[in-house]
Amino acid sequence: MASRATIDPDKLPKHFDSAEAERRWDARWQELGVYHYDPSRAREETWVVDTPPPTTSGTLHIGHVFSYAQPDFVTRYQRMRGKSIYYPMGWDDNGVPTERRTQNLFHVRCDPTLPREPGLALEPANAKAKSSPPRVISRPDFIALCARVTAEDEKAFLALWRRVGLSVDWRTEYATIDANARRMAQLSFWDLFHKGHCYQSDAPFMWDVDFQMAVAQAEVEDRQRPSAYHDLEFAVESGGAFTISTTRPELLGACVGVTAHPSDARYQGLFGKRAITPLFRAPVPIFASEKADPEKGTGILMVCTFGDQTDVEWWRDHKLALRQLIGKNGRLVPVTFGSETFPSQDADAANRCYAELSGRNLKQARTRSVDLLRDPANSATGTGPPLVREPKPIEHAVKFYEKGDNPLEYLPTRQWFVRLLDKKEQLLAKGAEIKWHPEHMSKRYEDWTRNLAYDWCVSRQRYFGVPIPVWYALDAAGKPNYEKPIVAEPKTLPIDPMTDAPPGYQEAQRGQPGGFAGEADVFDTWFTSSMTPQIASRWLLEPERHARLFPADLRPQAHDIIRTWAFYTIAKALLHEDKVPWRQIAISGWILDPDRKKMSKSIGNTVTPTEPIDKHGADAVRYWAGSARLGVDTALDENVFKVGKRLVTKLFNASKFALAQSAEAGPIASELDRAFVGELRALVEDATAAYEKLDYARALELTESFFWKRFTDTYLELAKARARSEHDAAGRASAVATLRLALSVLVRLFAPVLPFISEEIWSWAFAQETGHASVHSAPWPSAADFAGIAAPADGASFEASVACYLAINKAKADANVSSGRETLRLALAAAPETRARLAPVISDVLAAARCAAHEFADDDALAPGAVAVRDAVFAERAAEV
RNA sequence: GGGCGCGUAGCUCAGUUGGUUAGAGCACCUGCCUUACAAGCAGGGGGUCGCAGGUUCGAGCCCUGCCGCGCCCACCA
């Protein structure tokens, strides 16, 4: 594109005020609609980003800018490539973190049995208020409060995203709790239910006693915890005794069996007999099981309902009794020994013991149990204390809910599940269809999928979430029929079964015999988040739109949520439509503090994003994000911000200078210019290839390096004099045209990473000239920019002129003379080929070196391309202006 | 215990299918106000590429083993 416009540098600001430019351009972009999605374009011309909805209740830190800027780079590139961009932003506000934050902020608790209090107006609680018991409020009031809290959090995120220039189409903003997201999650359930992928189960499952809810495998983590082996003596009903080893003596009352390995010689005689437990004198079957490890403990152990996952399996496989001792709140429930459920051969003794434990939490119950076990009176054998030796401390792994403070327990509760275990192969196949960046991250997905041990538990006993859209008919006795749930129909969604009545029922029948009951549980937050591509495409609601936006092109996300967000999203797309949700997934690395520790709120090493942005500018912070490769954890280094800021300043200055050359531009005809353009063309090809591979970091590095080394440090210096020449009109026109072209190309190459300074420069001349009001909707540089420019006579002539120019500069440095000093006498030497190569460009080199006269000798001994300065005399002082 | 990744200059990191003498920025040293930019420019010093073997004409890169760091997963009697 031939450039005509020039600028008056005196009319431009002396310095680039990044904060001012950030405000101005953000407003302008919104006004122009630069980032608006164009729904009229075909799927192939559209680039769809499945943006991660940030957890609004989390702490904002600099890592957010890092991971959200990276997809913005490739998306800006795609936009400049002419794609219609669908780049939404959602807020992940439903779920446990928001509830917890709301509870803390307002010092409230939710009691779903309470009625709504009209006109309830709460204020954030101060420290004094927090010393008194929390205010208990109704479910609708609690939900309203959660919504209020997240609305505030969303504002902070929105402001940050706008400040750092994410090229999001803000008309697409959504929240995972809003009506459309609720509708989509409930539609998802409806579809899965009718396809037979959903089921209810009241089998024992992982339960958090503090949150009092079930959790899925993906939310479970192991933590090393101190514990102890307690060796307890059990009696054998027909006579004799043996010792089991347990870490959970508090569950003795829940013991329903005893087992050892079938080949364990020590216990051969016991199988088929009954054991009598200490404390409670309960008779329990002794059976053989391959799952018992002869090496562990004493090789024989008690099975409780439920101490761990293996207990669940023994209980199920051997049809053992259910003696549920742990309540949903993690305290031992009241039970009576000597009953059918809790048999005992000495009910009075058993109940005396249990009175000491009932109502206590598990930790207290353990301590108390050990006390009781030290008492010989509680022995099942009558031969001394049941605890045969002091507990032996150990460290072992215990399962925790990732947000929980107490170990998970296994409780039989009714939960909704999505069947996944039978679909591992399909899940793996879908994962393999997706292009992972970096590639090795796909391993995380494969390993997780292969090792999946449970179906997906999707019900949560929470309030601020998407309700499970089902009701249960109540029989004449008021008992719910879980076998035949009433699932809400698509056209009615979203609904809340706790406030809406099912079809064919009146609200007055809620809870009445012969009436109905609403499902009180809400979905796991991932049940909604796993639908982000469909929320965007409005799956089932707008089929045409869905066809244009699904599957998405890019899913950006962090690696810690591959097993949750990525996994569930792939699972949903598989179950709903047998498709992949996106073609590519880009995994960002983590930001580590300078000591290489992960930034986290609990460690207290987070850095707020506003400070670096205020100090260095949004472009500089983006530059830092653009310097890091996908998937690579990066230590926060303030120096990189500074380097980014320096680049922005240099771009500002160099652009002012290049555009201030007021001479008329003409055909690019000079050898130096053509050779330089040849290099520029190669840069465009390389940077484009890098962006195609999502390698924005490579593209940035190439562009930046070219900009400094080939443009400002050399080409600009070499062409400067000619651009202002009074004798060589053609050469002048060629130089001016080349400067403009280079600037136009470089600014566009930088635009994805440095949107503000690029736009600023673009606005000076190119916007008007090209008719593209924003650089961000201007075409990405391509062969079209170089059409009509002849190739140089010698592709290496630019390189040769740089070598010659630098050799002269070195001579000046050796002489402690400024580069700007005039060169009075100069004797150069080079191999004959090099000399010949320099002939068409030497005048530019000499002009840059401020040299009027020179000698040039052949020297075969010099390496090809090398130029030696044999003699040089420089002016005593700088020339008068 | 299984898996993945990393280990290159004082620091942060590149190093593209194995190919001259291993790079950048920062930091450091020297010089320079030079008609875009001192928030700048020119020049310079600095590396046993974690260790040990192997393959190859040739290894930072490929193979084997080991050491260290990080992450993911598993491990509840």
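We use all heavy atoms of the structure for the numbers below, so side chains are in, but hydrogens, waters and symmetry mates are not. A quick note: this is a predicted structure, and the numbers were derived from the prediction, not measured. Below, read A as the first sequence line, B as the second, and so on, with proteins coming before strands; counting in each chain starts at 1.
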Residue [X], side-chain heavy atoms: nucleotide from [options] that is nearest:
| X | options | result |
| --- | --- | --- |
| A:S819 | B:C75, B:C4, B:U34 | B:U34 |
| A:E717 | B:C37, B:G43, B:C33 | B:C37 |
| A:N653 | B:A42, B:C37, B:C76 | B:C37 |
| A:A635 | B:U12, B:G5, B:G44 | B:U12 |
| A:T247 | B:C32, B:C76, B:G25 | B:C76 |
| A:Q224 | B:C75, B:A14, B:C73 | B:C75 |
| A:W590 | B:C76, B:C72, B:C13 | B:C72 |
| A:F657 | B:A36, B:U12, B:C72 | B:A36 |
| A:T649 | B:A39, B:A42, B:C13 | B:A39 |
| A:H15 | B:A36, B:C75, B:A39 | B:A39 |

Test your reading of the model: is there a side-chain donor-acceptor pair from [X] to the backbone of [Y], 3.5 Å cut-off?
| X | Y | answer |
| --- | --- | --- |
| A:K650 | A:W708 | no |
| A:S705 | A:L702 | no |
| A:T823 | A:A849 | yes |
| A:Y805 | A:E717 | no |

Regarding A:W314 and A:S289, do their side chains bring together a donor and an acceptor under 3.5 Å, going by distance alone? yes
Compute whether any side-chain donor of one residue and acceptor of the other, for A:E221 and A:Y401, lie under 3.5 angstrom apart. no
Touch class at under 4.0 angstrom, heavy-atom based, for [X] against every strand present:
| X | result |
| --- | --- |
| A:E638 | nothing |
| A:K443 | sugar-phosphate |
| A:A815 | nothing |
| A:F652 | nothing |
| A:R225 | nothing |
| A:T634 | sugar-phosphate |
| A:L806 | sugar-phosphate |
| A:R248 | nothing |
| A:I394 | sugar-phosphate |
| A:K642 | nothing |
| A:D713 | sugar-phosphate |
| A:Y410 | base |
| A:D447 | sugar-phosphate |

Phosphate contact ([N] OP1 or OP2) by [X] side-chain N/O below 4.0 Å:
| X | N | value |
| --- | --- | --- |
| A:K693 | B:U16 | no |
| A:K812 | B:U30 | no |
| A:K14 | B:A39 | no |
| A:R698 | B:U16 | no |
| A:R646 | B:G40 | yes |

Rounded distance (nearest 0.5 Å) linking atom CZ of A:R248 with atom OG1 of A:T246: 8.0 Å
Relative to each other, are the rings of A:F652 and A:W764 parallel, tilted or perpendicular (30° and 60° limits)? perpendicular
Counting distance alone, no hydrogens or angles: does the base of B:C37 have a donor or acceptor under 3.5 Å from a partner atom on the side chain of A:K650? yes
Test for a donor-acceptor pair under 3.5 Å between the base of B:U35 and the side chain of A:R724, counting only N and O atoms. no
Does the distance from a Lys or Arg side-chain N to an Asp or Glu carboxylate O, for A:R850 and A:E822, drop under 4.0 Å? no
From NE2 of A:H559 over to C1' of B:C6, roughly how many Å is that when rounded to an integer? 12 Å
Just need the stems in RNA chain B: three or more back-to-back Watson-Crick or G-U pairs, each with both distances under 3.5 angstrom, sorted by first number. B:1-7 with B:67-73, B:10-13 with B:23-26, B:28-32 with B:40-44, B:50-54 with B:62-66
Under 6.0 Å between the ring centres of A:F205 and A:Y454? yes
